[in-house]
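Have a look at the structure below before the remarks.
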Amino acid sequence: MIDALVVGAGPVGLALSADLRARGVEVEIVEKRPTADGGTRAIGIHSPALALLENSGATEELLRHAVRIRRGEARADGRTLAAIRFDRLRVRHPYVAALPQADTVDVLTRLAPPVRRGVRVTAILQDGAAVRVRTAGPDGDDERRARVVIVASGWAGRDLVFRPGAVRTHHYPDRYAMVDVAAPGEATALVHLERAGVVESFPLPGGRRRLVAWAGTSELADAAGFLHTALRERVGVEVDTTGATTFRVRRAVAPALRRGRVIVVGDAAHEVSPIGGQGMNLGLLDALTLAPLLVRWMRGGEPEGLAAWERGRLASARHAARLAFLNTMLGRGASVAAHAARSTALRAVLSGPGGGVFTRAYAMGFDAAARRGGESGRPGQG
Ligand SMILES: Cc1cc2nc3c(=O)[nH]c(=O)nc-3n(C[C@H](O)[C@H](O)[C@H](O)COP(=O)(O)OP(=O)(O)OC[C@H]3O[C@@H](n4cnc5c(N)ncnc54)[C@H](O)[C@@H]3O)c2cc1C
């Protein structure tokens, strides 16, 4: 019987496996996809997650690939509403490390134990002091036994642990168009809160940027065409948007993260709108604050601290979901009068102490994990 089995080789499952491996735990990771997912979703890793990723050696590697975003600006109608200064936060990594999710996954894959690919978990069954995990893979059906199973399967694998409907999911009506393009410039994050809807522009490594625009609530037939026009009309940017994609947003927080020897982390447990950029970070904090508790459990026999961990992670997920909801509201198109009122109010709030609070919230400074091990720079050893 192995100590720990991780379901899903997304960023969260990989980060957990790499961390457990660094702590000397025997861990196995299985992934239903035969090859790594090359698609890019998350691009920003915040200070608390970077601090906790140091334990496996991932942070140094990630920072070698990333561009460091030290400041941002909220703008409207060509004017700056507020500066967002990550470099003024008193944290271990006073910046956002920006790199495509596929690169993050690449770095973590090298630090994790070899991923068993093409293996889909079909059932998870508690069995006394063990968990039985049924799989279907290239060599047929199989069953593994582990002392603890961590489900990091993203939303797609939620039904492995939750009854249908147990994780209430809110589907926002909003749609967004997105493209990553070559666009050399300053490493400043820009959020344009325009009357016709938000445009976000985030630096990526290699002189590229991620551009995102609110696209209303109806189906988009031509994402590239829409995005091209939206960028030109809203912020005067003319770029080739070929290859643009669309995404919609959901909000879900599971009622619980643990049942006996089965624990759920990452998007399998919660989803927040990408407008705000915290989904992957939440999952990384779930996983990396869980790892030392698992080590103690494996070595000492008692699952100490898990109830407090679960409460803390659920509170963080709800907080992030509220923040993402606020960002989603602020990013919608508005009437002339509502837009003017919104801009005036934001300038007033963000130019005072509210600006610092917003920056800290955006950088996940209110996550309980950020206030403890994550930002101490001394990740707990197992
Ligand atoms: C457009 C967009 C932009 C985003 N930007 C940001 C951002 O800037 N910052 C941020 O923090 N977050 C962002 N996010 C959110 C982020 O992408 C997710 O939160 C993150 O991918 C979740 O990681 P995960 O490992 O929990 O799940 P996933 O990435 O979904 O990985 C789960 C893995 O489990 C595998 N799996 C599923 N079921 C099984 C099974 N039964 N057996 C075996 N394997 C299985 C899947 O194949 C998958 O590889 C964004 C999301 C989107 C859509």
Side-chain angles (χ1 to χ4, degrees), residues 5-17 28-46 48-50 66 69 96-102 104-105 108-109 112 115-124 133-137 142 144 149-161 172 174-180 189 200 202-204 210-212 223 244-252 254 264-287 317 320-321 323-324 327 362-364 367:
L5 190 143
V6 176
V7 184
V12 175
L14 286 165
L16 178 64
S17 305
E28 184 171 312
I29 174 165
V30 297
E31 165 58 51
K32 69 178 180 183
R33 289 197 179 107
T35 54
D37 173 19
T40 178
R41 290 186 282 160
I43 54 165
I45 310 181
H46 296 291
L50 288 170
I69 305 178
V96 182
L99 74 169
Q101 184 164 327
T104 299
V105 162
L108 295 171
T109 301
V115 177
R116 288 181 58 218
R117 292 202 167 276
V119 176
R120 185 166 61 87
V121 171
T122 53
I124 298 174
V133 178
R134 294 202 180 130
T135 60
D142 194 8
R144 310 279 294 160
V149 170
I150 305 97
V151 179
S153 59
W155 64 270
R158 214 170 264 162
D159 55 354
L160 285 171
V161 266
Y172 291 92
D174 309 72
R175 289 171 161 81
Y176 298 84
M178 166 180 112
V179 74
D180 292 350
E200 295 185 341
F202 296 125
L204 286 171
R210 155 85 44 104
L211 302 170
V212 180
T245 54
T246 60
F247 65 90
R248 297 188 61 183
V249 296
R250 286 187 295 249
R251 166 192 174 145
V264 193
V265 291
D267 271 21
H270 43 65
E271 273 179 283
V272 299
S273 161
I275 303 301
Q278 298 198 337
M280 179 179 75
N281 283 270
L282 263 186
L284 292 174
L285 292 175
D286 292 349
L323 193 65
N327 288 331
Y362 184 83
M364 307 197 77
D367 192 295

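No experiment lies behind these values; they were computed from the predicted model shown. Every number for a ligand or one of its atoms is a count from 1 in the order of the listing.
Scanning the protein for heavy atoms near atom 28 (P) of ligand 1, the closest one is R41 NH2, 3.6 Å. Ranking the protein heavy atoms by distance from atom 26 (O) of ligand 1 puts D267 N, 2.9 Å first. The protein non-hydrogen atom at the shortest distance from atom 38 (N) of ligand 1 is S153 CB, 3.6 Å. Residue, atom and distance of the protein heavy atom nearest to atom 31 (O) of ligand 1 are G10 CA, 3.4 Å. With hydrogens left out, the protein atom closest to atom 50 (C) of ligand 1 is P274 CB, 3.8 Å, a heavy atom. At the shortest separation from atom 46 (C) of ligand 1 among protein heavy atoms lies E31 OE2, 3.5 Å.
A side-chain donor-acceptor contact under 3.5 Å links R158 to the backbone of D267.
Of the listed options A42, A324, A287, A42 places a heavy atom closest to atom 5 (N) of ligand 1. Considering each of V121, V249, T246, the one bringing a non-hydrogen atom nearest atom 41 (N) of ligand 1 is V121. Relative to atom 17 (O) of ligand 1, the option among M280, E271, Q101 with the closest non-hydrogen atom is Q101. The heavy atom nearest to atom 39 (C) of ligand 1, considering only K32, R250, M364, is found in K32.
Annotation: R120 places no N or O atom under 3.5 Å from an N or O atom of ligand 1; distance criterion only. Considering backbone and side-chain atoms alike, A268 places every N or O at 3.5 Å or more from each N or O of ligand 1. At a 3.5 angstrom cut-off on N or O pairs, I43 counts as close to ligand 1. An N or O contact shorter than 3.5 Å is missing between W155 and ligand 1 by distance.
For R250, the salt bridge (charged side-chain N to carboxylate O under 4.0 Å, His left out) partners two or more places apart in sequence, or in a different chain, are E271. Scored by the side-chain contact (heavy atoms from CB on, under 4.5 Å) test, A156 finds K32 as partners (sequence neighbours excluded).
Interface atoms of ligand 1 facing F247, defined by a heavy-atom separation under 4.0 Å, are 1 (C). Heavy-atom proximity to M178, at under 4.0 Å, picks out these atoms of ligand 1: 1 (C). Atoms of ligand 1 lying under 4.0 Å from at least one heavy atom of L160, given by number and element, are 41 (N).
No more than 12 heavy atoms of other residues, nucleotides or ligands sit less than 6.0 Å from atom CZ of R120.
Between Y362 and H46, the ring planes lie perpendicular to each other; the angle is over 60°, past the 30° to 60° tilted range.
Ligand 1 lies within reach of V119, whose nearest heavy atom is under 4.0 Å from it.
Two residues are said to be in side-chain contact when any heavy atoms from C-beta on lie closer than 4.5 Å; P100 and D180 fail this criterion.
Of the heavy atoms in V7, only side-chain atoms (C-beta onward) come closer than 4.0 Å to ligand 1.
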